[in-house]
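Notes for the one structure printed next.
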Amino acid sequence: MLTTRINIFQGVFWLIFILITIFLVVLVGGLLFYGKWAAFVSVIHHPEFHFAVVFTLWTSLLATALAAVVAVPCGFILSRYSFPGKVLIDTLMDIPIVLPPLVSGIALLILFGPVLGDALARLGMDIVFSTRGVVVAQWFIATPFAIRTFKQAFDSIDPRMENVARTLGYSPAGVFVRVTVPLAKGGILGGLTMAWARALGEFGATAMLAGITRLKTETLSVAIFLNMSIGDIQFAMATAVIMLLVALLLMIAFKVFAGTGVRL
Amino acid sequence: MLTTRINIFQGVFWLIFILITIFLVVLVGGLLFYGKWAAFVSVIHHPEFHFAVVFTLWTSLLATALAAVVAVPCGFILSRYSFPGKVLIDTLMDIPIVLPPLVSGIALLILFGPVLGDALARLGMDIVFSTRGVVVAQWFIATPFAIRTFKQAFDSIDPRMENVARTLGYSPAGVFVRVTVPLAKGGILGGLTMAWARALGEFGATAMLAGITRLKTETLSVAIFLNMSIGDIQFAMATAVIMLLVALLLMIAFKVFAGTGVRL
Amino acid sequence: MNQDLLEACALTVNVGKFSLKNIGFSMGPDDYVVILGPTGCGKTVLLESIAGLRLLNGGALFLSGKEITHLPPERRRLGFAYQDSLLYPFLTVQENILFGARARGLKEAPEMRRRMAYLAETMNITHLLGRYPRFLSGGERQRVSLARAILTKPPLLLLDEPLSSLDRQTRHATQELLREIHLAEGIGIIHVTHDFSEALQLGSHMLMLHNGQVEQAGKPRDIFFHPATEFAAKFLHGENLIPGKVVGREGKLWFEHGGDILLGPLPECCLPKGLSPAGNSLTMFIRAGSIRLSRAGEAPAANSWSALISDVIINSTHVDVYCHGNGSSWQSSLSLAEWQGLDLSRGERVRLSVDPEYLHVIPQ
Amino acid sequence: MNQDLLEACALTVNVGKFSLKNIGFSMGPDDYVVILGPTGCGKTVLLESIAGLRLLNGGALFLSGKEITHLPPERRRLGFAYQDSLLYPFLTVQENILFGARARGLKEAPEMRRRMAYLAETMNITHLLGRYPRFLSGGERQRVSLARAILTKPPLLLLDEPLSSLDRQTRHATQELLREIHLAEGIGIIHVTHDFSEALQLGSHMLMLHNGQVEQAGKPRDIFFHPATEFAAKFLHGENLIPGKVVGREGKLWFEHGGDILLGPLPECCLPKGLSPAGNSLTMFIRAGSIRLSRAGEAPAANSWSALISDVIINSTHVDVYCHGNGSSWQSSLSLAEWQGLDLSRGERVRLSVDPEYLHVIPQ
Amino acid sequence: GKSSSQPAGESNTPPAQGKAPLFAYVGANLKDPVSELAQVYEQRTGVKVELTFNNAGSLLNQLETTKKGDIYMPGGMPFVETAKQKGCIAEMVGPIAYHTPVIITPKGNPAKISKVQDLARPGLKLVIPDKEATAIGKTVFKTFDKLGITGEIEKNALTYVETPAKVIATLGMGQGDAGIVEYSNTYQNLDKLDVVEIDPSVNIVDQIPCTMLSYSDQQEQAKNFLEFMKEEGPAVFKKYGFKTEA
Ligand SMILES: Nc1ncnc2c1ncn2[C@@H]1O[C@H](COP(=O)(O)OP(=O)(O)OP(=O)(O)O)[C@@H](O)[C@H]1O
Ligand SMILES: Nc1ncnc2c1ncn2[C@@H]1O[C@H](COP(=O)(O)OP(=O)(O)OP(=O)(O)O)[C@@H](O)[C@H]1O
Ligand SMILES: [Mg+2]
Ligand SMILES: [Mg+2]
């Protein structure tokens with residue numbers, strides 16, 4: 001917008017924006033304030049915490065990568081092709097968002113336990129109660145967010161942009177990599193951030209599919225849950241705050257690095 | 001894409017797409033198969049279930065509407081303005097995605113309990129352990145998804161489209177309603193679906209902020225959790241499946257009605 | 001026989017309610033084909049179809065004798081530039097231009113760099129190479145888009161109004177560049193344009209489209225001076241379209257308009273083919289530049305008639321004189337100097353004359 | 001004093017590295033201003049600034065005497081059409097055209113409906129009214145965009161190359177429409193174009209921009225025949241730009257080129273103002289249409305010289321003859337008929353002459 | 001009773017390499033003592049005990065769905081009953097410890113609650129674990145029923161929550177005057193809360209058992225672990241604030 005003067009419309013928008021910002025700052029402040037310094041220190045020195053941080057990081061990143069691998073083709077096909085039953089499949093892909101994670105966990109447990117369990121076991125690819133299960137659960141929860149965002153990003157591309165690249169000698173795959181993805185970059189990065197954040201905070205499905213085994217399938221979210229369960233709220237909150245700070249830091253770094261925060 | 005022949009690139013994309021579709025169908029099938037018919041019947045006749053359905057629908061829809069009210073200005077401002085600390089605030093708005101819902105619930109409880117509780121009580125606007133709390137918790141969880149998607153939708157608009165409308169006599173507010181929103185329609189509808197789906201499945205934060213008082217703050221997700229906790233998995237699964245079907249039906253209706261499923 | 005570069009046989013393409021019907025033409029590597037036609041007649045759709053960007057509903061395409069009907073666009077390797085430039089916003093101007101080279105892994109190749117520098121120099125965009133497209137003006141964008149299509153020397157270039165947003169000077173330089181690329185590098189060009197002088201100056205062959213069909217094809221000059229239909233004549237801004245009929249006298253054919261004017265004898269070539277003209281209601285087509293204007297005093301001669309000047313419009317290169325005589329309007333174009341020499345003004349009586357060589361009769 | 005419709009005072013606008021500097025002009029409601037300039041000279045930026053779509057870095061704007069410098073675009077209510085049509089994809093053609101009426105709650109008003117029908121009829125888009133923009137061709141889109149800007153009869157229209165992708169016929173009809181809107185409805189128009197004949201036919205006033213500054217302003221005809229600078233002369237496709245100097249003889253001024261050619265006497269008006277011309281190196285500007293060409297046999301006279309025909313290009317409206325004589329290239333434009341009458345061809349010797357009235361001297 | 005498995009005394013045999021680990025489903029609130037016990041067991045026998053924690057109901061769902069695992073150790077008898085009905089339980093030992101409902105109040109006990117009957121006082125705000133979803137809720141409501149104050153309690157209920165830990169969190173956040181938790185939950189939070197024990201004569205306590213699953217494919221080893229729990233369990237549970245006698 002071009003006028004320097006802020007009018008009512010912009011005023012209201014800014015007001016809401018500022019209120020929400022304050023709300024979130026106060027919220028995080030509350031978490032920080034509630035936590036005790038001693039708890040932070042003890043959390044940071046706890047070997048279980050170290051394990052959980054590393055474990056959470058790699059599982060969530062792997063899950064996000066896998067989510068991208070699935071979401072890119074799904075988003076693309078939902079965006080570019082028409083076929084009977086498309087609305088149905090489109091909605092089917094929202095299922096993991098709709099289902100309470102607990103139920104998602106059960107559904108995964110049914111699938112990878114009684115249904116596919118034996119076959120997977122023979123392949124040495126046990127998923128239930130294993131670290132693989134953590135990745136699968138996070139992937140399952142995060143993927144639909146990526147699909148939805150990617151589809152939207154692909155939707156907003158002028159197909160003639162892709163046509164031009166075809167005439168310049170790019171195969172459909174080349175066009176996709178060289179034109180479609182860069183044009184959808186903002187949306188893809190946004191979707192990845194969202195998927196990662198979701199994978200990070202995921203608890204219900206992970207707990208159900210992978211179980212909560214200390215030093216084996218214990219993510220940060222799980223650690224928080226466990227500490228809550230034994231009534232150690234201080235410790236739980238401290239873990240949550242540290243996890244939050246790490247996540248925010250990583251996301252800011254990612255945004256600055258990938259240039260999505262800055263509007264070009 | 002224009003060629004009729006499917007090449008490797010498209011083949012791989014379709015393969016992944018079809019695999020995921022099958023995966024989801026099997027998953028839902030597993031849920032359906034695992035549930036017993038008798039459980040479905042008894043769930044449907046259960047008055048608590050009736051309450052939960054109605055309660056969940058209205059709270060989640062209200063929460064989604066409130067999320068939109070917040071997400072529209074926030075997405076717009078994040079998309080259109082540059083200011084110092086923007087990346088920071090942008091990331092701050094992702095917090096509710098990152099935090100495990102349990103922790104979100106605690107944070108909200110701190111805010112609306114010790115911090116704002118007295119003031120709100122004086123206004124007769126108690127949030128903690130009330131139905132309002134359910135809406136607030138769902139809103140809190142759903143909003144960042146809406147913000148992120150809306151921002152991306154606003155990003156992909158050519159500002160000159162808005163310029164033209166200004167010269168045609170529209171105020172900034174008019175331009176926003178008549179041009180920006182219609183141009184961002186696809187993204188906005190996608191974001192709303194996502195936010196609603198998330199609000200629907202939300203459990204952790206709701207349980208923390210609003211409690212799980214039966215026939216008062218009992219959403220479908222809470223009902224599922226409660227039944228799971230008793231170990232009555234049949235009942236829980238039946239509830240989940242019905243909830244899923246209702247949600248899918250509503251989402252399909254919404255997409256067909258709003259025309260997002262069909263690519264224009 | 002010189003092999004055709006491109007042969008299009010009975011192309012049919014349906015796009016929504018519109019369709020290209022039965023388009024057929026062929027061109028050699030030394031042909032510069034211009035496509036002309038009213039807006040919405042299907043020019044862009046035709047180019048897209050040749051490039052492989054639209055599925056044909058019928059017909060076949062051959063490039064250098066090989067069928068390419070079912071080849072995907074990237075294997076046709078034709079240069080293509082859309083009407084609106086469609087640059088990649090995430091690439092600088094330089095990277096945009098080199099985008100086709102990158103497809104072949106030649107992005108760093110010195111010959112591509114050299115060619116890019118040459119093109120940028122010729123089109124005067126060297127100073128823009130490091131910029132992103134959103135910081136360019138409309139004309140700048142169009143030149144970058146053209147350079148991108150030309151870079152890798154495709155055997156055939158498909159250009160959709162490539163010069164429409166350029167100013168005269170830049171356009172001139174770019175025309176020269178296209179001509180040079182065409183002649184020196186032996187690249188065939190198909191060029192959609194709305195500008196007649198562009199068509200005349202560049203084209204060796206012209207295709208006029210109307211409602212998705214070929215209205216007329218041939219050498220631009222032929223079409224300009226001998227349009228086959230009234231639509232073509234009107235579309236080419238034929239200034240004088242006079243109704244009348246052809247009569248035979250003294251073994252020759254003459255054109256009779258309103259009983260008073262008799263023009264002829266008509267040369268063979270200027271009569272519509274395959275049509276016995278005598279007696280039919282026909283239209284006489286005379287370009288304004290072919291009608292000579294002289295002071296009324298001069299003696300009446302064959303193929304001349306008198307008229308009153310109704311309007312005079314002085315253009316940058318010539319003067320348009322509108323006259324009224326024998327119940328019709330006539331338009332004559334003169335050079336500025338000639339007009340000056342005649343020393344006439346509105347309302348005066350003049351004598352109009354035409355050389356029978358410039359007469360052209362078209363069916364009504 | 002007739003009140004100005006628009007007055008622009010010393011406008012300065014910075015856009016990235018580019019800036020419009022110190023643009024000042026004024027126009028009445030009966031002015032039709034055309035803006036000409038090479039691509040990237042700032043034409044679009046200037047229109048945007050007038051419309052209020054860009055913040056000024058300096059200067060002031062007055063509309064009908066009221067300052068509008070700080071008024072947002074929607075309160076200026078100027079009609080505006082971008083170079084690329086930017087139609088709203090979610091509205092049909094009809095709704096796009098009525099979009100401005102809707103802003104005033106007049107979407108259903110019968111006068112708006114009537115006007116829309118009239119505009120659609122004139123621009124030949126009636127059959128497209130129910131379609132969505134993505135199903136339109138480039139030219140169709142441009143006409144819809146123009147209709148949208150015109151609909152609500154704004155006091156001033158800002159049009160950025162509104163006719164660039166139209167064919168000659170449609171362009172002609174649309175030009176007529178613009179002229180009529182301008183004359184009958186008293187709407188001022190600022191029209192960016194690259195087409196000289198458009199500028200000459202439509203413009204009552206012309207602004208030539210160069211590098212973000214006004215190079216020359218005035219009546220289009222004046223500028224075309226009397227460009228003030230060599231840039232302007234070249235940009236306007238001045239065919240003959242001859243170096244030389246001005247000498248005084250017999251109390252009159254003459255232009256001397258290469259010692260052999262002496263043109264004159266020069267009329268006052270054709271000399272650069274405020275510059276003592278004698279002795280300076282100057283450039284003589286003669287339009288090709290002003291140079292008369294005759295057979296070499298004719299007697300040498302004042303302001304005439306002999307030359308050899310080096311090239312002949314026959315255009316649709318005229319013939320361009322390129323000659324070589326006295327160490328310079330000369331270009332002369334003739335009508336087809338005149339050329340035919342002379343019966344000359346390449347390599348023959350001819351006599352060129354020019355009327356002193358058409359001589360124009362510009363500083364080098 | 002004594003099973004046919006090796007006695008617990010065999011625990012001084014050197015760690016046997018390559019023995020398959022045991023898999024145990026353990027109620028989340030038993031995490032600390034059971035973790036320690038599992039560690040000790042591994043040191044003694046070389047058999048690793050993999051523990052997965054969750055709430056008892058979720059654990060039941062998991063084991064029922066996957067039909068895998070060796071040990072199920074929920075926080076209360078009702079779950080064992082359910083599991084038995086479903087045929088999941090092969091053998092049971094215990095109680096290892098007891099789940100004893102206690103009343104907690106914010107520090108300083110501002111509402112002056114001294115006995116369970118005080119909770120029926122009108123106007124109090126109570127935070128209570130759900131009476132169906134939590135073991136502690138189930139038992140404490142039996143006590144209320146016995147005292148005939150269920151109606152008043154339900155009127156006073158500010159909210160129900162799904163774990164005893166949440167009762168503590170909620171009270172800690174300044175919500176409510178009193179709550180019901182399990183005795184061991186208070187162990188970490190004595191600095192913030194006051195504990196009011198319920199008179200043992202009216203209080204109903206739940207047992208914490210340890211069971212072997214019928215799905216177990218290492219019955220011998222599992223039975224051995226059960227023995228070990230029975231022998232060593234109570235002491236460790238006590239260490240972590242659990243009551244080991246009713
Ligand atoms: N957003 C921008 N940021 C930086 N530079 C810009 C921007 N937009 C335009 N420019 C530059 O400003 C100059 C003027 O641009 P403008 O679009 O006004 O040119 P124009 O006269 O309309 O040219 P054309 O005839 O090609 O449309 C150009 O050199 C262009 O590169
Ligand atoms: N995607 C589409 N769906 C339906 N109709 C279309 C579509 N694209 C173009 N058309 C129609 O097809 C016809 C030909 O379009 P095309 O773009 O080829 O015209 P053109 O000759 O290039 O015109 P212009 O000179 O205006 O660019 C037009 O009438 C247009 O309305
Ligand atoms: Mg076109
Ligand atoms: Mg421009």
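Ranked by non-hydrogen atom pairs under 4.5 Å with chain A, the options B:I97, B:I18, B:I77, B:V72 are led by B:I77. Highest contact tally toward chain A, considering only B:I89, B:L200, B:L102, is held by B:I89 [criterion: heavy-atom pairs under 4.5 Å]. Counting heavy-atom pairs closer than 4.5 Å to chain B, the top residue among A:L15, A:V25, A:L99 is A:L99. The candidate with the highest count of non-hydrogen atom pairs below 4.5 Å against chain B, out of A:L19, A:V98, A:L31, is A:V98. Between chain B and the residues A:S171, A:A247, A:P101, A:G187, the largest count of heavy-atom pairs under 4.5 Å involves A:G187. Each of B:G29, B:A153, B:A199, B:A197 has some count of heavy-atom pairs under 4.5 Å with chain A, and the biggest count is that of B:A197. With respect to chain A, the highest number of heavy-atom pairs below 4.5 Å among B:F225, B:W196, B:F23 belongs to B:F23. No other option in A:V69, A:V26, A:V70 has as many heavy-atom pairs under 4.5 Å with chain B as A:V70. Most heavy-atom pairs under 4.5 Å with chain B: of the set A:L24, A:V12, A:V28, this distinction falls to A:L24. Between chain A and the residues B:M251, B:M243, B:M93, B:Q152, the most heavy-atom pairs under 4.5 angstrom are made by B:Q152. With respect to chain A, the highest number of heavy-atom pairs below 4.5 Å among B:I224, B:L27, B:V103, B:I147 belongs to B:L27. Your options are A:T149, A:L88, A:T143, and the one with the most heavy-atom pairs under 4.5 Å with chain B is A:T149.
Side chain to side chain, A:S221 and A:E202 fail the donor-acceptor criterion of an N or O pair below 3.5 Å.
In this structure, B:T206 and B:I141 have side chains that are not in contact, with every pair of non-hydrogen atoms separated by 4.5 Å or more. Looking only at side-chain heavy atoms (C-beta outward), B:Y170 and B:V179 stay at 4.5 Å or farther from each other.
There is no contact between B:A236 and chain A, counting heavy-atom distances below 4.5 Å. The parts of B:L108 that come within reach of chain A are both its backbone and its side chain, each placing non-hydrogen atoms under 4.5 angstrom from that chain. In this structure, no portion of B:L183 lies under 4.5 Å from any heavy atom of chain A. Looking at A:I106, the atoms closer than 4.5 Å to chain B (heavy atoms on both sides) all sit in the side chain, from C-beta outward. For a residue to count as touching a neighbouring chain, one of its non-hydrogen atoms must lie under 4.5 Å from one of that chain's; by this rule B:I252 touches chain A with backbone and side chain alike. B:V241 does not touch chain A: none of its heavy atoms, backbone or side chain, sits under 4.5 Å away.
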Exercise. Give the intermediate values and the outcome of salt bridge (charged side-chain N to carboxylate O under 4.0 Å, His left out) for residues B:R148 and B:D90.
Key: CA-CA 9 Å; B:R148 197 126 300 295; B:D90 186 272; 3.0 Å; yes
Practice problem: Could you give me the CA-CA distance, side-chain angles and deciding distance for B:F17 and A:F76, then say whether ring-ring contact (aromatic ring centres under 6.0 Å, His included) is met? | Solution: CA-CA 9 Å; B:F17 180 74; A:F76 188 73; over 10 Å; no
Quiz item: Yes or no on ring-ring contact (aromatic ring centres under 6.0 Å, His included) for B:F13 and A:F176, after CA distance, side-chain angles and deciding distance?
Solution: CA-CA 11 Å; B:F13 271 33; A:F176 184 78; 5.0 Å; yes
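The structure places OG of A:S104 at 4.5 Å from CZ of A:F140, a figure rounded to the nearest 0.5 Å.
When all heavy atoms of A:F154 and A:G75 are compared, the closest pair comes out as CD1-C, 3.6 Å.
Checked for salt-bridge contact, A:R198 and B:D94 miss the test: no charged N lies under 4.0 Å from a carboxylate O.
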